[in-house]
Amino acid sequence: MSLDTLIVIDGNSLIHRAFHAIPLLSNSQGVITNAVYGFTNMILKVLKEQDPGLVAVAFDKGKVTFRHQDFADYKGTRKATPDELRPQFILAKEILKAMRIPYFELEGYEADDLIGTIVNQAEASGLNILILTGDRDALQLVSPKTRVMLTRKGITEIELFDEGKVWDRFGVTPGQIVDLKGLQGDPSDNIPGVPGIGEKTAVALLKDYGSVEGIIEKIEHLPPRFQKLLRGKEDQAILSKKLATIIRDVPMELDLSQCSWRGPDHQRLLEIFKELEFKSLIKQLTSEQGTAKSSREGKKKFESDLPPLETYQAGYQTVTSQEDFDEVLVQASHAGRAAVFLDGVRGKGIRAVYLAVPGQDVYLLTVKPGDDSSHGSLSALKALCENEAIKKYFHDAKDAIWLLHHHGIKLQGLAFDTMVAAYLLNPAASHYDLTDIALEHLGIVLPPEGETAMAARAEAILRLTEELFKKLVQREEDRLFIEVELPLVAVLAEMEMAGVAVDKQELKEISAELHHSTEALAAKIHELAGENFNINSPKQLGQILFDKLKLPVYKKTRTGYSTDAEVLEKLAEEHEIVDLLLQYRQMAKLKSTYADGLAALVDPQTGCLHSTFHQTVTATGRLSSAEPNLQNIPIRLASGRRIRKVFIPRQKGNLILTADYSQIELRILAHMSQDKSFLDAFRQGQDIHTRTASEVFGVPLDQVTPEMRNRAKAVNFGIVYGISDFGLARDLKVSRQEAKSYIENFFARCPGVRHYIDRVIREARERGYVTTLLNRRRYLPELFSKNFNIRNFGERAAMNTPIQGSAADIIKLAMVKISKELKERDFATQMVLQVHDELIFDAPEAEIEPLIVLVRDCMQNALTLDVPLVVDIKLGPNWYETKPI
DNA sequence: CGAATCACG
DNA sequence: ACGTACGTGATTCGG
């Protein structure tokens with residue numbers, strides 16, 4: 001803590017900087033907060049780092065300053081303050097009040113001048129001064145006692161200027177900064193300076209003559225070309241200097257004791273941060289509170305004279321004896337429900353159990369090392385979790401199931417998952433941390449660490465369960481949650497834990513082969529290039545192709561030449577290296593991502609890959625798969641398809657069975673649009689792409705050529721994605737004109753689809769969201785963007801989400817049904833993977849026949865549409881060799 | 001840690 | 001006149 005340090009902040013400068021550096025953020029009420037967020041963030045950071053004894057902020061006030069009286073065009077190039085920014089000044093001042101930092105403004109003066117005046121007085125008092133600003137003009141105030149912290153590009157980085165640094169950077173003393181500006185001018189303030197004189201000249205002249213006045217006085221001694229530039233511009237130079245000069249004697253009452261800083265009013269600050277939804281700042285504030293206690297002495301005053309932070313605290317009792325465990329169980333049993341927070345790490349086990357029982361305290365059941373589920377707290381946990389009559393609420397129940405599984409406990413009676421519920425309420429969020437959703441839905445701040453914090457989490461899960469369920473009911477998403485998403489949690493957990501068996505030997509062989517192919521290809525590529533370079537580096541590759549070999553540049557990326565497959569294919573005729581590159585890329589991808597990538601993740605215990613299926617990631621309702629991603633195993637090219645050979649049944653006598661929905665998205669489109677042609681095609685069992693070709697090209701079904709069918713297929717895809725002639729043209733490699741005519745023909749023959757698309761977009765604009773067949777909801781704020789591209793994106797997403805999301809609804813429903821049936825009927829078959837429209841099973845040969853009936857029935861009848869749902873089933877000794885039955 | 005690239009539905 | 005398909009995850013490079 002430096003009691004004799006004063007920090008002076010240029011409020012206007014920082015807020016403007018932040019406004020332009022940060023994209024327009026807003027809270028859920030639509031209040032735009034980007035500038036005030038950046039401003040607050042920066043101030044907090046500096047206060048934390050410098051820990052000053054005194055702080056003050058200065059703002060501009062009034063439209064006309066004395067500078068305008070001298071020079072009407074002063075700041076003439078400045079644009080009016082944007083509408084999004086103006087209200088943020090008020091917010092910033094509110095925050096300053098909460099931080100108990102005084103701010104100054106005076107009619108007719110700029111922030112700079114107030115800063116100059118404050119600095120002058122503070123220097124006289126012997127204080128050390130730090131000025132925080134984005135405005136280089138402030139550098140003129142640098143002195144032995146005063147330094148300037150200048151924000152660099154963006155706002156996160158700060159550069160500290162003392163006298164030496166100013167000299168190093170500009171070649172002048174701080175006092176000469178105004179002379180520099182008088183000569184050079186400043187376009188951003190519309191200060192003219194002397195035309196023709198730039199930084200170099202100005203610095204050289206000042207070195208010799210000291211100041212603008214000095215130069216003018218000795219104008220005769222100057223080299224003729226400088227004389228020419230300066231003659232007649234003397235007044236302009238003097239005026240420019242005056243405009244750039246910060247005045248230091250603004251007539252204001254200033255008592256530096258006003259500026260002494262006692263730290264913020266945490267409670268008020270937290271209120272504002274909550275209102276503005278500054279989650280990261282809230283976290284920062286709360287965690288500082290947590291650590292402040294143990295930190296150095298200077299912080300003590302924070303504790304003594306400030307109210308405690310209003311974080312959410314839950315009372316809790318630590319339970320250790322067997323009698324108490326029993327008592328907790330009785331209470332939970334009596335209540336019929338309990339929220340469970342497990343403190344533990346997947347794969348390592350549970351450290352502690354926190355139970356929130358309605359009407360009771362939170363209970364902490366500590367787990368002693370060596371405890372297992374046969375005695376101690378874990379046996380109580382087992383009794384609780386395996387009792388189906390007691391409803392259990394979790395946040396991220398799938399993770400809990402894994403943790404429980406580690407201790408041999410099988411969860412029964414899962415009744416709520418706050419993470420999944422929060423996802424349904426807003427599938428667009430990037431994450432669903434308990435802390436974040438507690439803040440969003442309950443308005444409480446969870447403390448960051450410690451037993452109290454964990455107890456608070458259990459309590460929060462209990463309260464969130466009530467709140468989120470209420471919201472789901474309001475949205476009519478409660479059935480989707482109860483009947484699909486919640487039971488799916490357990491299904492996914494089981495799939496993950498079972499994993500899919502892998503032929504490690506085969507994987508090794510593939511890797512070795514790919515090693516040889518890539519090495520050989522790389523050697524040839526280097527030879528053709530005439531030098532060795534890193535083929536994996538798009539930058540180096542671009543230099544070889546376009547600088548050295550002079551191949552034509554069709555496409556550039558933001559950072560340089562594009563070298564993607566599309567570009568390389570165009571260049572194939574130009575140079576023989578190109579085809580080798582395409583092959584190399586293919587092989588390298590297969591090796592690193594698949595052969596080696598998968599091998600590294602095989603569980604040595606089980607010989608299986610245990611992917612994680614994420615249920616709260618996509619905006620549309622689909623699942624995603626990670627570590628490894630088993631939803632993008634190659635199939636399109638023969639070379640990659642081989643990878644599927646390594647996915648095998650877990651034991652001898654088992655087979656791989658796959659079941660995929662045929663054209664599910666287009667069937668959903670037919671159902672939702674009620675388009676005559678689409679309904680008819682599916683009801684007749686026609687090939688949908690052939691049917692579309694027949695419509696688009698105006699020929700009978702039996703005269704559709706493969707070429708026509710292919711183009712129609714792309715049109716159908718385009719419809720699902722939110723078509724554009726440009727995209728279709730690129731995909732089909734036909735002219736934009738031609739693509740456009742396909743689309744026009746399509747809509748002419750399928751008016752139901754056009755009307756459907758129009759309706760979806762209209763409703764999305766009216767309501768702000770779109771829905772799926774099972775009422776899954778996605779908000780699309782992009783529809784209201786002023787940015788053309790973002791708005792168009794919103795419209796395409798509005799068309800696509802009901803289709804993609806409904807397909808997700810249907811397969812999820814099928815998964816739940818299948819899993820239930822398999823269990824009830826005691827099948828040994830294991831569902832192992834889901835790939836969006838396909839399910840993969842590892843099944844004993846003896847079960848295949850009934851399994852086919854079961855799977856087909858569950859999938860085709862998951863939901864009744866106005867067209868049939870068709871499922872194709874294949875069977876084989878591995879995922880590669882599955883054949884239609 | 002973002003950008004580029006490429007694998008899937 | 002804008003610049004373009006929708007939804008994901010992994011690897012690699014290089015600032």
- Which is true for A/Gln540 with a 4.0 Å heavy-atom rule: it touches a base, it touches only sugar-phosphate, or it touches nothing? sugar-phosphate

- Name the stems that DNA chain C belongs to, where each is three or more consecutive Watson-Crick or G-U pairs with both distances under 3.5 Å? B:1-9 with C:6-14

- Message: Salt bridge check, A/Glu485 against A/Lys812: does any charged N sit closer than 4.0 Å to a carboxylate O?
- Response: yes

- Message: By the 4.0 Å heavy-atom rule, please label A/Glu627 as base, sugar-phosphate, or nothing.
- Response: sugar-phosphate

- Task: Salt-bridge test for A/Lys555 and A/Asp564: reply yes if a basic N is under 4.0 Å from a carboxylate O, no otherwise.
- Result: yes

- Message: Nearest 0.5 Å, please: how far is CE in A/Met495 from CG in A/Leu839?
- Response: 7.0 Å

- Message: Using a 4.0 Å heavy-atom cut-off, does A/Asn792 contact any base of the nucleic acid, only the sugar-phosphate backbone, or nothing at all?
- Response: base

- Measure the spacing between NE2 of A/His610 and OG1 of A/Thr612 and express it to the nearest 0.5 Å. 10.5 Å

- Item | Contact residues, residues 630-642 of chain A to DNA chain B [heavy atom, < 4.0 Å] | A/Gln631, A/Asn632, A/Ile633, A/Pro634, A/Ile635, A/Arg636

- Item | A/His575 side chain vs A/Leu571 backbone, donor-acceptor pair below 3.5 Å | no

- Query: Expressed in whole Å, how much space separates the C1' atoms belonging to C/dA5 and B/dG2?
  - Reply: 24 Å

- Query: Hey, does A/Ala588 reach any base, or is it just sugar-phosphate, or nothing, if we go heavy atoms under 4.0 Å?
  - Reply: nothing

- Message: Under 4.0 Å, heavy atoms only, any strand: does A/Ser624 hit a base, just the sugar-phosphate, or nothing?
- Response: sugar-phosphate

- Task: Rounded to the nearest angstrom, tell me the gap between atom CZ in A/Arg776 and atom P in C/dC6.
- Result: 20 Å

- When the C1' atoms of B/dC8 and C/dG3 are considered, how many whole Å apart are they? 26 Å

- Message: Roughly how many Å apart are C/dC2 and B/dA7, using the P atom of each and rounding to a whole number?
- Response: 32 Å

- Item | Test: A/Glu509 and A/Lys645 ion pair at under 4.0 Å | no

- Query: Quick one: which of C/dG7, C/dT12, C/dT4 gets closest to the side chain of A/Arg796?
  - Reply: C/dT4

- Separation of atom CZ in A/Arg778 from atom P in C/dC6, rounded to whole Å: 10 Å

- Item | Interatomic distance where CG belongs to A/Leu541 and P belongs to C/dT12 [whole Å] | 16 Å

- Query: Looking for any heavy atom pair under 4.0 Å, which part of the strands does A/Asn534 touch: base, sugar-phosphate only, or nothing?
  - Reply: sugar-phosphate

- Message: Classify A/Ala808 by what it touches in the nucleic acid, base, sugar-phosphate, or nothing, heavy-atom distance under 4.0 Å.
- Response: nothing

- Message: A cation-pi test, strictly: NZ or CZ of A/Arg777 under 6.0 Å from the centre of the six-membered ring of A/Tyr769 and no more than 45 degrees from its axis. Yes or no?
- Response: yes

- Message: Could you check whether A/Phe647 and A/Tyr880 have their ring centres less than 6.0 Å apart?
- Response: no

- Query: Among C/dA10, B/dG9, C/dG7, which is the nearest nucleotide to the side chain of A/Val835?
  - Reply: B/dG9

- Task: Find the distance A/Phe546:CZ to B/dA4:C1' and express it as a whole number of Å.
- Result: 13 Å

- What's the CG-P distance between A/Leu514 and B/dC6, to the nearest Å? 16 Å

- Message: For a quick check of understanding: with a heavy-atom distance under 4.0 Å over all strands, which category does A/Ala807 fall into, base, sugar-phosphate or nothing?
- Response: nothing

- Message: For a quick check of understanding: with a heavy-atom distance under 4.0 Å over all strands, which category does A/Thr801 fall into, base, sugar-phosphate or nothing?
- Response: nothing

- Base, sugar-phosphate, or nothing: which does A/Phe717 touch, judged by heavy atoms less than 4.0 Å apart? nothing

- So which nucleotide from C/dG9, B/dT5, B/dA7 ends up closest to the side chain of A/Gln586? B/dA7

